[in-house]
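Numbering of residues begins at 1 and proceeds along the displayed sequence. The model shown is predicted, which means the values in this text are computed figures rather than measured ones.
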Amino acid sequence: MNRFLLFGIIITACQLPLANCFAQEAELKRERFFTGSGLYGFMNGGADQFLEYGVEKLTARDIVYKGEEYSVEIYEMPSPEDAFGIYSLHTFRCQRADTLGCIDCLSPYQLQAVSENMYVSVVFPSGANKAKEGADEVLRMYVSMEGTPPPTIPDCFKQEKPYSGKLKYLKGPLSVSTVNVALSQLVKDISYGGIWFVSEKPSKNYKAYIYVSDNQEIERIKGKISPGDIIDIGTNYIYITGKEKESSEENFGTFGF
């Protein structure tokens, strides 16, 4: 792809008048695409987690913008919930959260965001203030900030703002065990569609909103916990509280994930 074609893509992605878009073009150094098991060729050991959320396509671009290098990864997921879910597993200790008109998290060397069914990561190795400022603009090249449908969050968690770094959406055994071992053991043999999760620190308690397939699964969960741990029950969910036994939340790397 030549530089003029990339600029055309940028203008389209901005969804803004030309005058409000970007005066300086990003230089595309490398572009790659991955689908399905092809993710194993891109990341070491992390592909299984993304595949659990049903990732459909990854577009990876290395660009130079205003003299700074950026690595941009765009993960196309089946739904906004899945995009938020994989995002929620990679955001910790945000320096700035949910401030750009979308769900986003800035850490020392990375800006991450969710827009519609996309999870976007922008890594800037220099960590300079100039690179951080440019990261906001780079993100806007690929993400619409207005009018995008947010993930459908249960009403009981809508007050947990900012969502980034706090609220998580778990899709299967890998993501659940990454966040909380006790919850992983609780739902080990349960058929569930997804789990919204919030850890309450410093108490080590957690709250989990578990979508289940039928009432039989609700009864199986009820049989594993005390009645006092049940907050609410509906036709397709059970909302509970529990106690954390172990969490890997603090195991984040240089980029904040």
Side-chain angles (χ1 to χ4, degrees), residues 49-56 75-91 97-98 102-105 114-119 147-249:
Q49 196 173 74
F50 281 83
L51 292 170
E52 183 173 77
Y53 283 87
V55 61
E56 297 172 341
Y75 296 86
E76 297 176 36
M77 311 300 293
S79 70
E81 292 74 36
D82 294 313
F84 178 84
I86 196 66
Y87 164 88
S88 71
L89 296 186
H90 291 81
T91 49
D98 301 353
C102 60
I103 294 173
D104 60 89
C105 173
V114 175
S115 178
E116 298 183 271
N117 67 323
M118 295 188 299
Y119 160 52
T148 59
T152 303
I153 298 171
D155 289 341
C156 57
F157 287 145
K158 286 184 177 179
Q159 76 279 6
E160 302 287 349
K161 294 182 178 180
Y163 299 129
S164 297
K166 186 174 184 180
L167 179 64
K168 300 184 184 302
Y169 179 66
L170 314 174
K171 197 62 181 288
L174 286 176
S175 54
V176 176
S177 62
T178 296
V179 169
N180 188 274
V181 172
L183 179 61
S184 176
Q185 293 172 345
L186 175 64
V187 299
K188 183 178 181 180
D189 57 350
I190 301 296
S191 176
Y192 57 91
I195 302 173
W196 290 94
F197 176 93
V198 166
S199 176
E200 298 183 330
K201 296 179 180 180
S203 68
K204 300 299 183 182
N205 291 332
Y206 69 82
K207 292 180 180 178
Y209 190 100
I210 308 170
Y211 291 109
V212 293
S213 56
D214 53 46
N215 188 65
Q216 183 178 358
E217 299 302 320
I218 292 178
E219 293 301 320
R220 293 175 68 187
I221 295 175
K222 288 171 63 177
K224 295 182 176 185
I225 60 178
S226 66
D229 291 337
I230 300 173
I231 300 174
D232 190 21
I233 295 177
T235 56
N236 67 338
Y237 71 87
I238 180 169
Y239 181 29
I240 66 171
T241 184
K243 186 77 172 181
E244 289 184 340
K245 293 182 180 179
E246 182 179 338
S247 175
S248 60
E249 274 193 29

Inset, instruction - Grab the two heavy atoms, one from Lys222 and one from Ile238, that are nearest each other, plus how far apart they are. - result: CG-CD1, 3.9 Å

Legend entry - Side chain proximity check, Ile225 to Ile221, heavy atoms < 4.5 angstrom: yes

Inset, instruction - Mind checking the OG-CD1 spacing from Ser164 to Ile103? Nearest 0.5 Å is all I need. - result: 6.0 Å

Legend entry - Spacing of Ser184 atom OG and Leu170 atom CG [to the nearest 0.5 Å]: 10.0 Å

Inset, instruction - May I ask you to test the Phe197-Asn180 pair for a side-chain heavy-atom distance under 4.5 Å? - result: yes

Show every donor-acceptor pair shorter than 3.5 Å between a side-chain atom in residues 206-216 and any protein atom, with sequence neighbours excluded, or say none if there are none.
| from | atom 1 | to | atom 2 | distance (Å) |
| --- | --- | --- | --- | --- |
| Lys207 | NZ | Glu200 | OE2 | 3.4 |
| Asp214 | OD1 | Gln216 | N | 3.0 |
| Asp214 | OD1 | Glu217 | N | 3.1 |

Inset, instruction - Start with the C-alpha gap between Asn205 and Glu244, add the side-chain angles, then the distance that decides, and say whether side chain to side chain contact (heavy atoms under 4.5 Å, CB included) holds. - result: CA-CA 6 Å; Asn205 291 332; Glu244 289 184 340; over 6 Å; no

Inset, instruction - Hey, could you give me the OG1/OH distance between Thr152 and Tyr169, rounded to the nearest 0.5 Å? - result: 9.5 Å

Inset, instruction - Answer whether the closest heavy-atom distance between the side chains of Ile240 and Leu186 falls below 4.5 Å. - result: yes

Legend entry - Minimum heavy-atom distance between Leu174 and Thr178, given as atom pair plus value: O-OG1, 2.8 Å

Inset, instruction - Please confirm whether Phe50 and His90 have ring centers closer than 6.0 angstrom. - result: yes

Legend entry - Spacing of NZ belonging to Lys158 relative to CH2 belonging to Trp196, to within rounding of 0.5 Å: 10.5 Å

Inset, instruction - Answer whether the closest heavy-atom distance between the side chains of Lys224 and Ile190 falls below 4.5 Å. - result: yes

Legend entry - With Ser175 via side-chain hydrogen bond (donor to acceptor under 3.5 Å, both in side chains) - residues at least two apart: Glu52

Inset, instruction - Evaluate whether atom NZ of Lys161 has more than 12 neighbouring non-hydrogen atoms of other residues, nucleotides or ligands under 6.0 angstrom away. - result: no

Inset, instruction - Check the pair Lys243 / Lys204 against side chain to side chain contact (heavy atoms under 4.5 Å, CB included), numbers first and verdict last. - result: CA-CA 6 Å; Lys243 186 77 172 181; Lys204 300 299 183 182; 4.1 Å; yes

Inset, instruction - Please determine if Arg220 and Asp189 form a salt bridge, counting it only when a charged side-chain N lies under 4.0 Å from a carboxylate O. - result: yes

Inset, instruction - Might you point out which heavy atoms bring Phe84 and Pro151 nearest each other, and give the distance in Å? - result: CB-CG, 4.0 Å

Legend entry - Thr241/Asp229 under side-chain hydrogen bond (donor to acceptor under 3.5 Å, both in side chains): CA gap, chis, key distance, verdict: CA-CA 5 Å; Thr241 184; Asp229 291 337; 5.7 Å; no

Legend entry - 4.5 Å side-chain heavy-atom contact, Val176 and Tyr192: yes

Inset, instruction - Could you tell me whether Tyr239 and Phe157 have their ring centroids closer than 6.0 angstrom? - result: yes

Inset, instruction - Determine the minimum heavy-atom distance between Cys102 and Val114, stating which atoms define it. - result: CB-O, 3.6 Å

Inset, instruction - Answer yes if the side chains of Asn117 and Ser79 hold a donor-acceptor pair under 3.5 Å, and no otherwise. - result: no

Legend entry - Closest non-hydrogen atom pair, Asp104 against Tyr87: C-OH, 3.0 Å

Inset, instruction - Would you kindly say whether Tyr163 and Ser88 are connected by a side-chain donor-acceptor distance under 3.5 Å? - result: no

Inset, instruction - Please step through side-chain hydrogen bond (donor to acceptor under 3.5 Å, both in side chains) for the pair Asp232 and Tyr237, ending with a clear verdict. - result: CA-CA 8 Å; Asp232 190 21; Tyr237 71 87; 2.7 Å; yes

Legend entry - Spatial distance of atom CD1 (Ile233) from atom CD1 (Ile231) [nearest 0.5 Å]: 11.0 Å

Legend entry - side chain to side chain contact (heavy atoms under 4.5 Å, CB included) evaluation trace for Val55 with Glu76: CA-CA 6 Å; Val55 61; Glu76 297 176 36; over 6 Å; no

Inset, instruction - Applying side chain to side chain contact (heavy atoms under 4.5 Å, CB included), run through Ile86 and Met77 and close with a yes or a no. - result: CA-CA 9 Å; Ile86 196 66; Met77 311 300 293; 4.2 Å; yes

